[in-house]
A.B. asks: 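Can you keep this structure in mind? I'll have questions shortly.
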Amino acid sequence: MRNKLRIWWPHQLPSSEPATPLEGNNLLFGWFVSCSPVSVDVVVAFACNEASFSHSDSTLQEIIRGVNGKMPVFLQERAAFSLLGQCVLYGRGNGKMSRDGMEGGDWRNSFTEGLDSVMNSRDLSDGNDGGTSCGCNELDGSHGQCRKEFVENGFWIRLVYDSCEGYGKDVHRVPKLHHLHWNGQIVSHCNVHVVVYEIPVYGVHHFSLNLWKSYTPVKDPVKKPKWVNELEKNQPLLDLDTVILAINSAAAARLALETRVGFKRSISVFFNISSRSIAFMWQVLAIFVPTISTLFYIALQLFHNVSSFGSITWIYTTSARVFCTTWTQIQIRCCQILYWPIILQDNGIRSHSCVEYMENTALHRHSMWSSLAVDLLLGNLMGLALIVHAESVCQWILTFASVITNALLRSGSVWLMGVPAGFKLNTELAGVLGVISLNAIQIWSTLWILFSFLFIYFIKGLALLGILFGATIPAALIIDMVYIATLHVSTLHWFISLLYSWQIQALAALWRLFRGRKWNPLRQRLDSYHYTVKQHIVGSLLFTPLLLLLPTTSVFYMFFTILSTAIAFTCILIEITISMIHSTPYIKIFLWLMRRRRFPSGIWFEIASCQNDSLEFACHDKVCSSSEKSYRNNNRGRDRSTIMVSVLRSNFLSIGQVVLPHYRKVFSGVSDFAITSAHGALTGKR
């Protein structure tokens with residue numbers, strides 16, 4: 001099997017810093033990733049010329065070890081940051097002339113001279129002398145020692161490139177393999193795949209292998225064949241996880257090397273002052289927010305301790321049970337206020353070693369305050385609207401409650417005491433149930449009228465809560481107040497459902513008696529049982545009236561079940577709205593609208609070129625030198641190597657793919673709740 005070499009080449013390399021434009025001899029830095037004896041990936045992060053390290057106090061080995069220590073731990077375990085090799089210019093003679101501004105013959109001579117030098121170096125590289133005459137040992141003392149160390153460790157690459165060659169509008173200056181030191185051997189003939197990628201930048205884009213839908217593997221009941229198990233044991237030819245992680249860490253590696261070597265960038269005075277001002281304001285905010293949050297949390301804790309102390313403990317316990325939804329939202333808000341300053345703090349330099357890690361950390365850091373800000377914004381809008389229209393809202397709610405009480409509850413109870421929908425009910429039982437319902441409705445209506453003058457203050461208090469704490473706490477308080485305002489309906493529903501449930505259970509037990517079966521609670525099954533004649537007689541006497549009274553009980557039960565379900569459905573809608581306010585990724589939606597490339601989902605390759613023989617340069621026979629022609633003639637009988645040039649591209653998430661995973665937990669229990677509620681409504685055990 002022919003060896004395979006993949007070179008991951010940065011698109012911005014010709015203009016990257018601290019590397020100078022690719023002229024002459026340049027040192028390549030990056031990672032060697034090898035998971036197979038016949039395949040190796042060379043991830044090039046950046047390039048520097050030899051003169052860049054002349055002013056550094058540390059040796060090149062110390063600089064490389066320091067940069068590698070700042071990389072992600074997973075990347076350090078898989079591949080170490082190292083000096084990859086050299087990249088040499090050909091096609092310009094000595095590297096100081098260009099095609100522009102030269103006569104045709106001068107340009108051809110300079111191109112031929114550079115090509116001859118490359119071919120002569122390649123002919124030397126075919127020997128087995130350990131690379132002493134391969135042409136890549138012309139380095140300074142410390143650099144040459146570093147090169148010798150990396151060659152002995154297994155890998156060193158020498159690339160050549162043409163400054164005038166292009167593979168499309170987006171691909172320029174793609175290198176070609178001259179030779180590769182691979183585990184003590186010099187390899188110059190192998191299948192080369194050059195993948196041009198754009199260096200990930202924080203806040204702009206990065207690469208990710210995570211797909212939107214992660215399918216869980218299904219257990220196959222059929223036993224796998226032996227050849228499938230052997231195939232799974234083989235080592236993969238490509239470790240994409242490590243390669244993508246290295247690509248995402250390229251910018252951090254370049255910055256770490258600049259810091260250790262001491263490169264100085266030309267930064268404007270305005271940018272320097274603005275960055276320092278932003279850093280100072282962030283520090284002030286980081287001190288102010290924890291102080292206010294701590295004081296607020298201490299006040300809440302004191303209120304909690306005072307409320308649960310001494311003779312008023314029962315008040316605290318009762319309020320916690322009655323206003324359970326409100327207490328839950330207050331607890332969530334307290335946690336947000338308490339932990340928000342901690343999340344705002346910097347989590348250390350480890351998250352800055354990879355662009356993907358930085359993006360995930362930033363999204364996690366900004367998700368809480370963005371949710372809190374939107375909640376406060378909605379609360380202020382709702383609060384201001386309630387304050388302006390407090391009297392109108394109060395009057396509308398009182399009118400709505402009066403209409404529901406008179407037109408629905410009283411009229412419905414009276415209707416059920418007669419002949420509802422043509423059903424002949426038991427008059428005595430319908431009268432008893434109807435009178436009980438009317439009395440409960442009348443008592444609650446009287447209490448509602450007595451305390452209705454306090455409702456305007458409740459509306460204003462609700463508006464004040466919305467302005468101070470956001471929309472979720474007033475919404476939770478509305479849920480609790482709806483349950484309190486409809487307590488008479490819930491009580492009547494509980495009473496009639498209890499009666500209906502006992503009646504259904506009695507009829508089921510009597511039906512088992514007639515069949516000669518008995519329920520075994522220990523084994524949870526039906527067993528055969530021999531009943532006496534007296535038991536059958538008593539069962540017959542009880543079965544008939546219970547069966548005849550069932551329609552009357554069922555009609556009342558259905559009526560109050562519909563009312564209770566409507567109330568519960570309204571409260572569930574408000575709870576879902578609260579959960580959606582908490583779960584909506586506002587910062588992700590904003591960033592997706594501004595820059596969609598920050599949300600990658602998988603990668604793909606765009607093929608730019610595919611050629612034979614990695615050193616077949618783009619030139620005509622009239623321009624090429626005699627040494628190049630003789631080299632082609634001598635190698636016609638050999639197996640030609642192939643070089644493929646492609647561009648690394650990313651797929652991006654849609655707005656639905658960004659938002660839906662956050663709503664999945666909100667609606668995960670809706671179907672189970674509906675099934676449980678339907679079963680409870682039919683059996684009376686809701």
Side-chain angles (χ1 to χ4, degrees), residues 408-441 483 486-572 669-686:
L408 186 60
L409 294 179
R410 285 198 176 98
S411 301
S413 299
V414 172
W415 179 62
L416 293 177
M417 293 171 64
V419 187
F423 288 99
K424 179 62 177 177
L425 304 181
N426 185 274
T427 307
E428 289 75 11
L429 181 60
V432 171
L433 296 178
V435 169
I436 293 175
S437 302
L438 290 175
N439 289 334
I441 294 169
Y483 280 123
T486 58
L487 185 61
H488 57 302
V489 178
S490 302
T491 304
L492 290 173
H493 177 257
W494 172 81
F495 169 71
I496 296 177
S497 63
L498 188 64
L499 182 62
Y500 175 77
S501 176
W502 286 349
Q503 196 168 355
I504 291 294
Q505 292 176 12
L507 289 173
L510 293 174
W511 180 250
R512 290 195 297 269
L513 184 145
F514 297 149
R515 295 169 58 201
R517 309 296 294 274
K518 183 180 180 180
W519 175 252
N520 189 345
L522 297 178
R523 298 182 179 273
Q524 296 292 316
R525 68 182 185 184
L526 290 174
D527 296 335
S528 299
Y529 187 78
H530 181 69
Y531 294 96
T532 62
V533 177
K534 293 182 179 180
Q535 289 175 331
H536 279 281
I537 293 174
V538 173
S540 301
L541 294 177
L542 293 175
F543 183 80
T544 303
L546 288 176
L547 183 62
L548 295 178
L549 293 176
L550 183 62
T552 304
T553 310
S554 301
V555 167
F556 277 87
Y557 174 73
M558 290 174 59
F559 176 74
F560 285 101
T561 298
I562 292 173
L563 293 178
S564 179
T565 303
I567 295 170
F569 182 74
T570 303
C571 295
I572 288 172
V670 174
S671 59
D672 296 337
F673 174 77
I675 295 173
T676 305
S677 299
H679 181 266
L682 294 176
T683 58
K685 299 179 181 180
R686 189 174 177 181

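Below, each value reflects all heavy atoms present in this structure, side chains not excepted, and no hydrogens, waters or symmetry copies.
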A.B. asks: What is the distance from atom CG of Leu429 to atom CG of Leu499, rounded to the nearest 0.5 Å?
C.D. replies: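 So the gap between those two atoms works out to 7.0 Å.
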A.B. asks: Kindly compute the distance separating CG (Leu425) from CE (Met417), expressed to the nearest 0.5 Å.
C.D. replies: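 So the gap between those two atoms works out to 11.5 Å.
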A.B. asks: Could you tell me if the side chain of Leu416 sits less than 4.5 Å from the side chain of Phe423, heavy atoms only?
C.D. replies: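 No. Closest side-chain heavy atoms not under 4.5 Å.
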A.B. asks: Find out whether Thr561 and Ser497 are in side-chain contact, i.e. whether some heavy atom of one side chain is under 4.5 Å from a heavy atom of the other.
C.D. replies: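 Thr561 does not reach Ser497 side chain to side chain.
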A.B. asks: Does atom CH2 of Trp494 have more than 12 heavy-atom neighbours, drawn from other residues, nucleotides or ligands, at distances under 6.0 Å?
C.D. replies: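 No, the 6.0 Å shell around CH2 holds no more than 12 heavy atoms from other groups.
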A.B. asks: Find the distance between CD1 (Ile562) and NE2 (His493) and round it off to the nearest 0.5 Å.
C.D. replies: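 Interatomic distance, Ile562 CD1 to His493 NE2, rounded to 0.5 Å: 10.0 Å.
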A.B. asks: Atom CH2 in Trp511, atom CG in Leu547: separation rounded to 0.5 Å?
C.D. replies: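 Atom-to-atom, Trp511:CH2 and Leu547:CG are 10.0 Å apart.
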A.B. asks: Once the angle between the rings of His536 and Phe514 is folded into 0 to 90°, is it parallel (under 30°), tilted (30 to 60°) or perpendicular (over 60°)?
C.D. replies: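 Rings of His536 and Phe514: parallel, as their planes differ by under 30°.
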A.B. asks: Could you measure the distance from the CH2 atom of Trp519 to the CD atom of Gln524? Nearest 0.5 Å is fine.
C.D. replies: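 Taking CH2 in Trp519 and CD in Gln524, the distance rounds to 4.5 Å.
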A.B. asks: If you look at every heavy atom in Ala430 and Thr552, which pair is closest and at what distance?
C.D. replies: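 That would be N-CG2, 3.8 Å.
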A.B. asks: Donor-acceptor pair, Ser413 side chain versus Ser437 backbone, under 3.5 Å?
C.D. replies: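 Looks like no, no N/O pair under 3.5 Å.
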A.B. asks: Distance check, rounded to the nearest 0.5 Å: Leu563 atom CG versus Leu408 atom CG?
C.D. replies: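 Spacing of CG (Leu563) from CG (Leu408) equals 5.0 Å.
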A.B. asks: Donor-acceptor check, side chain of Ser554 to backbone of Leu550, threshold 3.5 angstrom: yes or no?
C.D. replies: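 Checking the backbone N and O of Leu550 against the side chain of Ser554, a donor-acceptor pair under 3.5 Å is found.
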A.B. asks: Is Thr491 reaching over with its side chain to a backbone N or O of Leu487, donor-acceptor style, under 3.5 angstrom?
C.D. replies: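 Yes, Thr491 side chain to Leu487 backbone: donor-acceptor pair under 3.5 Å.
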A.B. asks: Minimum heavy-atom separation for Leu492 to Ala440, with atom names?
C.D. replies: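 So the minimum-distance heavy-atom pair works out to CD2-CB, 3.9 Å.
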A.B. asks: Compare every heavy atom of Leu510 with every heavy atom of Gly539, then report the nearest pair and how far apart it is.
C.D. replies: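 Closest pair (atom of Gly539, atom of Leu510, distance): CA-CD2, 3.7 Å.
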A.B. asks: Considering all heavy atoms of both residues, which atom of Leu526 and which atom of Arg512 are nearest to each other, and what is their separation?
C.D. replies: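 Scanning both residues, the minimum pair turns out to be CD2-CD, 3.3 Å.
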A.B. asks: Considering only heavy atoms from C-beta outward, does the side chain of Tyr483 approach that of Cys571 to under 4.5 Å?
C.D. replies: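 Answer yes - side chains close enough.
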A.B. asks: Quick check against the 3.5 Å criterion: does Tyr531 have a side-chain atom that pairs as donor or acceptor with the backbone of Arg517?
C.D. replies: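 Yes; at least one donor-acceptor contact below 3.5 Å.
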A.B. asks: Evaluate the side-chain proximity of Val489 to Leu409: yes if any heavy-atom separation is below 4.5 Å, no if none is.
C.D. replies: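 Yes - at least one pair of side-chain heavy atoms lies under 4.5 Å apart.
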